[in-house]
Amino acid sequence: MPTINLSSYQQFSLDKTLGCGQVFRWDQTDDGWWYGVVDGRVVRIRQEGRQIIYHGAPGSFIKNYFSLDLDLMSILASIDQDPFIHTAISRNSGLRIIRQPKWECLISYICSTNSNIPTIRRRIASIAERFGKPIDFEGKTYFTFPEPYSISCGELEDLTPCRLGYRQPYIFGTSCSVTDEKCWDEMIEKLPYKDARKELIKLKGVGPKAADCILLFAFQKYESFPVDVWIRRIMRENYLPDLLKNAPLTVRDYDTIRNFARNHFGIYCGYAQEYLYAARKQ
DNA sequence: GACCAGGAAGAGT
DNA sequence: ACTCTTCATGGT
């Protein structure tokens, strides 16, 4: 079984990384193995101390996917700007932001709007089951996440069994847009954060929050700071108590929060966001 | 049944 | 550029 030996300065927690809610297609079995479908293959992986044991993908893929090349300790030191984030960091140490496949991440966060994590997971699994390709792995059938054309080549109504609600036309429309625009991801990737954000928001179903998640989780734009209801609550209670108590989140409040975070935590404020989010129920 | 969840679109100002 | 309303689904 292939393994990766982490060096003593290579901070990493597989469980924190896969369990924090940034990805939706990983499951952990009772005996500690994580199973996930990534980039058209099934991966089985677990951590034992400083060893990562895995099967189903090359080591170079694993290292890149989990961004093991990044100096996490330096990143955490740079965002460690106050006692509250300090506690969140120490409780979730080793959490790394994954380099997610871009197209899957885009659809995942269109599915995420106004929903909880179990519901999001079910929607994405259902899309894969109906439009992806089956893979048999250790006696069980898994499904790849479909290409854009696999969705756009059909009808809008083909998505109905996935129970996406009002997101159904957004998923279909964005699938068509991305099918039409070849290399949409390379176009986004070349742009700086602000311009990339504007481009993403042009897609149906992608607003400020989804765009920031996609930029953070798939495009390595670590200066993005997604604001959902949890982050807003945490920021209100610990950093910006003057914000409104119970009104819907406005664009202005969203910008106030992310601008504060960018100034307070620095260029890796996206990492700060993920540690704060991981600490939301602790 | 009310309320909430990793919000966004569209219409009306 | 700002409110306000509506949107479909599942969990608690």
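Throughout, a chain's letter reflects where its sequence line sits, starting with A, and its residues are numbered from 1. Below, all heavy atoms of this structure are taken into account, side chains as well, without hydrogens, waters or symmetry copies. Every value quoted in this text rests on a predicted model; they were computed, and no experiment measured them.
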- Query: Which whole number of Å gives the distance between the C1' atom of dT3(C) and that of dA5(B)?
  - Reply: 23 Å

- 5'-most to 3'-most nt of DNA chain C touching chain A (<4.0 Å, heavy-atom partner on protein side) reads dC2(C) to dG11(C)

- Task: Mind jotting down which residue pairs meet the side-chain hydrogen bond (donor to acceptor under 3.5 Å, both in side chains) criterion with at least one end in residues 170-191 of chain A? Sequence neighbours excluded, please.
- Result: S152(A)-T179(A)

- Query: With a 4.0 Å cut-off on heavy atoms, is V251(A) in touch with a base, just the backbone sugar-phosphate, or nothing at all?
  - Reply: nothing

- Span that lies between the P atom of dA8(C) and that of dA11(B), in whole angstrom: 15 Å

- Nearest-neighbour nucleotide for the Y170(A) side chain, dA5(B), dA9(B), dG7(B) considered: dA9(B)

- Message: Using side-chain heavy atoms (C-beta onward) and a distance below 4.5 Å, is M73(A) in contact with L76(A)?
- Response: no

- Query: How close or far is atom C1' of dA5(B) from atom CZ of R280(A), stated in whole angstroms?
  - Reply: 11 Å

- Query: Where is the tightest heavy-atom contact between P58(A) and R41(A), given as atom of each residue plus distance?
  - Reply: CD-NH1, 3.6 Å

- Message: Any base atoms under 4.0 Å from L216(A), or only sugar-phosphate, or nothing? Heavy atoms, all strands.
- Response: nothing

- When all nucleic acid strands are considered with a 4.0 Å heavy-atom cut-off, which category describes R121(A): base, sugar-phosphate, or nothing? nothing

- Message: Output the rounded distance in Å from OH (Y109(A)) to P (dG7(B)).
- Response: 10 Å

- Closest approach of G49(A) to Q47(A) (non-hydrogen atoms, all atoms of both residues): O-NE2, 3.0 Å

- Closest to the 5' end of DNA chain B, once P208(A) and R233(A) are matched to their nearest nucleotides, is R233(A)

- More 5' along DNA chain C: N114(A) or R122(A), using each one's nearest nucleotide? N114(A)

- Task: Have a look at G205(A) and say if it touches a base, only the backbone sugar-phosphate, or nothing, with a 4.0 Å heavy-atom cut-off.
- Result: sugar-phosphate

- Can you find a side chain N or O atom of R167(A) that sits less than 4.0 Å from OP1 or OP2 on dA5(B)? no

- Message: Counting the atoms with a prime plus P, OP1 and OP2 as sugar-phosphate, which does S112(A) contact under 4.0 Å by heavy atoms, base, sugar-phosphate, or nothing?
- Response: sugar-phosphate

- dT6(C) versus dA2(B) - spacing of their P atoms, nearest Å: 16 Å

